[in-house]
Structures are given as structure tokens and as C-alpha cells.
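Just so it is clear: chains get the letters A, B, ... in the order the sequence lines come, proteins before strands, and each one is counted from 1.
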Number of protein chains: 2
Amino acid sequence: MKDVVHTISTCQRINDVLSRVGDRWSMLVVYALRDGPVRFNALKRELGISQRMLSLTLRNLERDGLVTRHYFPEIPPRVEYELTPLGHSLRGPVRALTDWALAHLDHIDAARESFDAQGEPAAGA
Amino acid sequence: MKDVVHTISTCQRINDVLSRVGDRWSMLVVYALRDGPVRFNALKRELGISQRMLSLTLRNLERDGLVTRHYFPEIPPRVEYELTPLGHSLRGPVRALTDWALAHLDHIDAARESFDAQGEPAAGA
DNA sequence: CCACCCGGTCACAAAACGATACCACCCCCG
DNA sequence: CGGGGGTGGTATCGTTTTGTGACCGGGTGG
């Protein structure tokens, strides 16, 4: 029973961190920042994320010490975001997940289609 | 520029999969199912998830071919959920992420605290 | 002059989430 | 025999999160 108790608290802790960096936008941003600093609007276009969510996600990431924000008071003002060492350490796990995602997207789509097909055979109209 | 274009579509695809299995409940369920079949209420207690979300998450996971649902018409009726081979293939990436989460939880908390501290110095009372 | 870029915020709608209650079934305890 | 409990789920309702579009200030090109 002790193992179970241990597992429970472990889940709580994982849950805790995942609720911070485990959302898809955060992971996508980490993924997009893998090769160095990127500008705000570049991220926005590349990820297909709304300005608001990108702004929010980046601020949370910055708060959690995963990215740094560099403001260049040029004309036009430029803002670049870059991974911190902590952020870089997350690259590996995120990479594993994105690689898996890329590799199994078709598989998931197929499973979903067959599930939906057998689940609702007379769902037409 | 071709590389950029490639990156863009790649992000879209990753985003696509992540919107399916990239939420924290799905990953937590995969994590909890790593050692074999687990019952509905056992998962609920272990993960600290509401019945509604667990039910939804499990159905989505089943739809995407990541878990299978085994119904035992006993008294009381027992339902167990188990990872499919596809689900097992996700264990690695999820493991990487959960390990990272466990390892860097303190780091994140510290970063957050210092960020909040310097962000709102006169937020007392 | 108007339109567009930059980075970002505001207000609002839509969707997701969480807690609770409820279902049907059966068991155990008193 | 009645009350409370556990099983796996769904329905409802209120809150939180997410997403959409407009808007801001500043500058530049047509």
C-alpha cells in the first residue's frame, strides 16, 4: 500500500507542474524557441496562436523562468523571446512529445475515425 | 525560406496532436496506466481528477486509440482501463515530461516567486 | 491621407472545467 | 428492514480559461 501512497503524491506533484507548463501553447512555444531568440509576431505567425494567448503564454513562461524577454527600443520596437537554461532543459521532453506527435498523428486520426464510425453508424443527417 | 515554411506546417501538425493528447489529464492518465489496467475510481482517487473530467479524458483517449476500456459485468460492475500499444508508445515521451516536471518543480516555484516578488514589491495587504 | 507593420492590451463570447447532485445497482451494518 | 456506502457514469450549474476582434501608440510606405 505504501507504493500506492507514494504514487498518489507523485501524481499530485506532476499534476502541479503540468498545470504550469503542460499546456500545448507552452510546449509549442518551447518547441518554436529551440533554435534561439524569436520575435513576438514571428511566433504568432509560426504557431498560429492568437495574440492574446501568445502574450499570456509568454508571460507565464517568463514567470516560471523558462524564457526571457528582450526588449529592443528600436524603431519599430522589437521584442525577442529566448529560452533560459531551464527552458532549454525542457526542450528534450518537449522534443520527445512533438516527435511522437508527428510520428503518430496518422495513427491517432485513423483510430479516431474508426471509433467514430462504429460509435455512430446511423448518425447521418 | 523553405525551412521556415516547413517549420510552420510542422507546428500546425504538432499543435493538432497536442490539442488531442497534450492536455495534462491525458498525460497524467497515461502516466497512471503505465503499470497495467486500472479501475475508474482508482484513477480518480490517484490523480485527484473529477469524475466528469476523468470520464471525458478516458473517452477521448479511447477514441484516439490510446486506451482500451474493459467492462466486467460483475457485482459491483468493474471497469478497467488499459494502454494500447499506441498508448504504450506515448509512455516514453510522457515519462520524459513527468520526470522533468518532478526534477524542476522546485526550480519553477523559485523562479515564479522571485518573479512575483520583483514584479509586485508593494503588493502587501 | 489611409493602410499597414510592430507589440500588446481590453472587452466580450464561447468553450472548457470543477463541484455537486443524481442515476441504478448491490453490499454491509445496525 | 432502513441507512449509508461503494460501483461507473451522466446532467446540471457556476466559475475559470480560452479564443476572437477591436483598439492603442508609434512609425513607414503607397
Considering only heavy side-chain atoms of A:S50, the closest of D:dG19, D:dG8, C:dC6 is D:dG19

What is the separation between atom CG on B:L54 and atom P on C:dA16, rounded to the nearest whole Å? 18 Å

If I take atom CG in residue A:N15 and atom P in nucleotide C:dG18, what distance separates them, rounded to the nearest angstrom? 9 Å

For D:dG8, does either OP1 or OP2 sit under 4.0 Å from a side-chain N or O belonging to B:R52? no

For residues 20-27 of chain A, which side-chain N or O atoms pair as donor and acceptor with protein atoms under 3.5 Å away, sequence neighbours left out?
from, atom 1, to, atom 2, distance (Å)
A:R20, NH1, A:D16, O, 3.1
A:R20, NH1, A:D16, OD1, 3.4
A:R20, NH1, A:D16, OD2, 3.2
A:R20, NH2, B:D109, OD1, 2.8
A:D23, OD1, A:S26, OG, 2.6
A:D23, OD2, A:S26, N, 3.4
A:D23, OD2, A:S26, OG, 3.4
A:R24, NH1, B:N15, OD1, 2.5

Would you mind reading off the distance between A:K44 atom NZ and C:dT9 atom P, rounded to a whole angstrom? 14 Å

Whole-Å distance separating the OH atom of A:Y71 from the P atom of C:dC6: 15 Å

Look at the side chain of B:R39 and decide which nucleotide, out of D:dT10, D:dT7, D:dT18, has an atom nearest to it. D:dT7

Within this structure, what is the CZ-to-C1' distance between A:R59 and C:dG7, rounded to whole angstrom? 11 Å

Starting at CE of A:M53 and ending at C1' of D:dT16, how long is that distance when rounded to a whole Å? 12 Å

Should the heavy atoms of other residues, nucleotides or ligands under 6.0 Å from CZ of B:R78 be counted, would the total exceed 12? yes

May I ask you to say what A:F72 touches in the nucleic acid, namely base, sugar-phosphate or nothing, with a heavy-atom cut-off under 4.0 Å? nothing

Interatomic distance, B:T57 atom OG1 to B:M53 atom CE [nearest 0.5 angstrom]: 4.0 Å

How does each nucleotide of nucleotides 21-30 of chain C score, in 5' to 3' order, for protein heavy atoms under 4.0 Å: base (B), sugar-phosphate only (S), or none (-)? B----S----

Report the distance from atom CD of A:E74 to atom P of C:dC6, rounded to the nearest whole Å. 14 Å

Can you find a pair of side-chain heavy atoms, one from B:V29 and one from B:Y81, that are under 4.5 Å apart? no

Is B:W25 near enough to C:dG18 that one of its side-chain N or O atoms lies under 4.0 angstrom from OP1 or OP2? yes

Distance in angstrom units between B:R24 CZ and C:dA16 C1', rounded: 12 Å

For C:dC6 and A:R45 - does any side-chain N or O of the residue sit under 4.0 Å from the phosphate oxygens OP1/OP2? yes

Can you measure from CD (A:E80) to CG (A:L43) and round to the nearest 0.5 angstrom? 10.0 Å

Give a yes or no on whether a salt bridge exists between A:D116 and A:R112, defined as a side-chain N under 4.0 angstrom from a carboxylate O. no

Distance col, row A:L90:CG vs A:L66:CG, nearest 0.5 angstrom, shows 6.0 Å

